[in-house]
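This one's a predicted model, so the numbers in the text were calculated from it and none came from an experiment.
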Amino acid sequence: MSRTGVDSRRLARATGLDTDRLTDPAGWVEGRLGMDLLDRAADTVGDPLFGARFGRDHQPGRQGLFDYLFLTADSLKAAFDTAIRYISVVATGGAYGWAQGDSGAVVERTLPGGPRFPHAESYALSWHLTMARHATGRPIRPAHLGLVQPAPAPKRRHALAEILGADDVDFGCPATTITLTRRDLDLPLLGADPLLAAMLRRHADGRRLPAESWPDRVRAFLADGFADRPVTLDTAARHLAVSPRMMQQHLREAGTNWRAEVEAARDSQAVDLLRNSPLPVRAIATRLGYSDDRAFRRAFHRRHDCGPDAYRRGTTA
C-alpha cells in the first residue's frame, strides 16, 4: 500500500489493526478492519477506484502463503477451490464458495459490511482476476461480474469495468460474484507444483482459524430473540454477511435448514420462558414472533404433545 503513497501503518493504527500483520506474510486480518483500511486509504489518496487499481497492481506472492497456495494448484479451478478452503489464512468474516450460473461457474464472495465498503469489494474482484491472469499467463476475461455496491456514474462505471477487464458488470447484486467459463477454469497453471502445493496445504491447515459452524452462527443470531426485530432468512443472511442462497446451502450441507433452526430456537426460548417467567402465553407468543397465541400453541403442541399451559403446570407442580 505504501507504493500508492499511503502510510499504511498510520492508517492501520487508526482502524485498530495490529500493524505487524501488515508485514507478516503469515498474518491474517479481521475482515471489517481490513476493509476499513482500504476505504481509508482510498479517501487519503482521493481515488474513487482505489480498490480496483490496488488489486490490479497486486504482485503475486505479496500475500505470502495464501498467494502461493493459489499459484501452485494444478488448474484455475483447483486454485479457486484452494482459495475458498484457505481464506481464513489471511482474513476473517463473510463467506466464500461456488454457485452455479447460466454462463459458467460462479465464485461468490460475500464480505462483511456489504455495500458500505466498495473499495474492499472492488479489490477482492480485482485480486482474483490478477491472480488468475498471472497464474495462467492468459488474459482471462470473466463472463460476468456482480457487485453489491450501487452503480456509479456511467463514466466511472466504464473505468471500473476497464480496470477489471470485464465487459458485463452488474451492480446492486446480493453478493460479489465472478463468473468464469468452464474452458478458463480448466486452464493449467504455469506454476503448478503438486508436491509444493501439498506441503503448503499441510502448513496452511495448521494456520487456519477455527471456523464456527454455520448452524452455530445461525443459532447465535436466533439466540438474540425474536422481539423488536424482523427475523427472516434475509435478515439473518445480511447479519452473517452471506447471501440467503449460500446460507441455505451451508445449512443443508450441515444437515439442517433455516426453518428447522427457527423452530428449534423458538421452542428452546418458549420452554425457558414457560419455566422461568410469569409471562402469559399470549405475551410469550408475541415475544417469539408468532402471529398470535394460537399459532404458538399449535407449534408447541407439535413438539411436546401438550399445550404451553399444560407444560407450565407440569414443570411447576
Side-chain angles (χ1 to χ4, degrees), residues 1-25 27-64 66-67 70 83 87 90-94 96 107 109-134 139-142 144-173 175-178 241:
M1 195 173 284
S2 58
R3 290 180 291 113
T4 65
V6 174
D7 184 343
S8 55
R9 286 187 171 274
R10 182 180 61 80
L11 287 181
R13 287 192 296 269
T15 63
L17 181 64
D18 181 356
T19 56
D20 289 338
R21 289 183 183 167
L22 295 177
T23 55
D24 181 1
W28 58 269
V29 175
E30 197 278 322
R32 289 181 183 271
L33 294 181
M35 293 188 294
D36 188 21
L37 180 65
L38 276 171
D39 272 27
R40 287 173 183 261
D43 290 341
T44 299
V45 299
D47 182 359
L49 299 175
F50 177 83
R53 294 190 215 276
F54 191 50
R56 180 197 61 189
D57 298 337
H58 175 73
Q59 297 176 359
R62 287 185 65 87
Q63 289 195 124
F66 189 64
D67 276 8
F70 190 103
I87 183 62
V90 291
T92 66
Y96 199 7
V107 181
R109 180 78 171 107
T110 309
L111 299 167
R116 292 196 298 110
F117 297 102
H119 293 284
E121 180 180 38
S122 300
Y123 169 77
L125 286 176
S126 195
W127 177 89
H128 281 91
L129 293 168
T130 295
M131 291 293 289
R133 290 160 184 154
H134 178 88
I140 303 291
R141 292 189 77 83
H144 176 262
L145 295 179
L147 290 92
V148 175
Q149 60 190 267
K155 185 175 181 180
R156 187 177 299 173
R157 178 174 182 158
H158 176 75
L160 178 61
E162 187 174 356
I163 293 170
L164 296 172
D167 300 316
D168 188 6
V169 182
D170 284 327
F171 296 83
C173 301
T176 307
T177 59
I178 305 173

Worksheet item: Distance from Asp57 atom CG to Arg62 atom CZ, nearest 0.5 Å?
Response: 11.0 Å
Worksheet item: Within the distance-only criterion (no hydrogens, no angle test), does the side chain of Asp67 pair as donor or acceptor with the backbone N or O of Gly61 below 3.5 angstrom?
Response: yes
Worksheet item: Taking the side chain as C-beta and beyond, is there a heavy-atom pair between Pro142 and Leu129 under 4.5 Å?
Response: yes
Worksheet, complete the sentence: Taken to the nearest 0.5 Å, the spacing of Asp170 CG from Arg157 CZ works out to 6.5 Å
Fill in: Minimum heavy-atom distance Gln149-Pro118, with the two atoms named
NE2-O, 3.2 Å
Discussion item. Quick check: closest heavy atoms across Ala120 and Asp39, and the distance to 0.1 Å?
Written reply: N-OD1, 4.0 Å
Worksheet item: Would a 4.5 Å heavy-atom cut-off, applied to side chains only, mark Tyr123 and His58 as touching?
Response: yes
Item to complete: Please check if atom CZ in Arg156 has more than 12 non-hydrogen atoms from other residues, nucleotides or ligands closer than 6.0 Å.
Response: no
Response to the item:
Scanning both residues in full, the closest heavy-atom pair of Cys173 with Gly146 reads SG-CA, 3.8 Å
Discussion item. Check whether Arg56 reaches the backbone of Gly165 with its side chain - one donor and one acceptor, N or O, closer than 3.5 Å.
Written reply: no
Item to complete: Kindly say whether the aromatic ring centers of Tyr96 and His128 come within a distance under 6.0 Å.
Response: yes
Item to complete: Can you see which heavy atom on Phe50 is nearest to which on Ala42, and at what distance?
Response: CB-CB, 3.6 Å
Worksheet entry | Pro60 side chain near Phe70 side chain, heavy-atom distance below 4.5 Å | no
Discussion item. Quick check for you: to the nearest 0.5 Å, what is the distance between Asp168 atom CG and His144 atom NE2?
Written reply: 4.5 Å
Worksheet item: Considering all heavy atoms of both residues, which atom of Ser122 and which atom of Leu147 are nearest to each other, and what is their separation?
Response: OG-CD2, 4.2 Å
Discussion item. Within this structure, what is the OG1-CG distance for the pair Thr177 and Leu145, rounded to the nearest 0.5 Å?
Written reply: 7.0 Å
Worksheet item: Short question: side chain of Ser126, backbone of Ala52 - any donor-acceptor pair under 3.5 Å?
Response: yes
Practice prompt. Mark yes or no for whether Glu121, through its side chain, and Val148, through its backbone, hold a donor-acceptor pair below 3.5 Å.
Written response: yes
Worksheet item: Rounded to the nearest 0.5 Å, what separation is found between the CD1 atom of Ile163 and the CG atom of Leu49?
Response: 4.5 Å
Worksheet item: Using 30° and 60° as the class limits, which term best fits the ring planes of Phe66 and Trp127: parallel, tilted or perpendicular?
Response: parallel
Discussion item. Would you compute the distance between atom CG of Leu160 and atom CG of Leu125 and round it to the nearest 0.5 angstrom?
Written reply: 8.0 Å
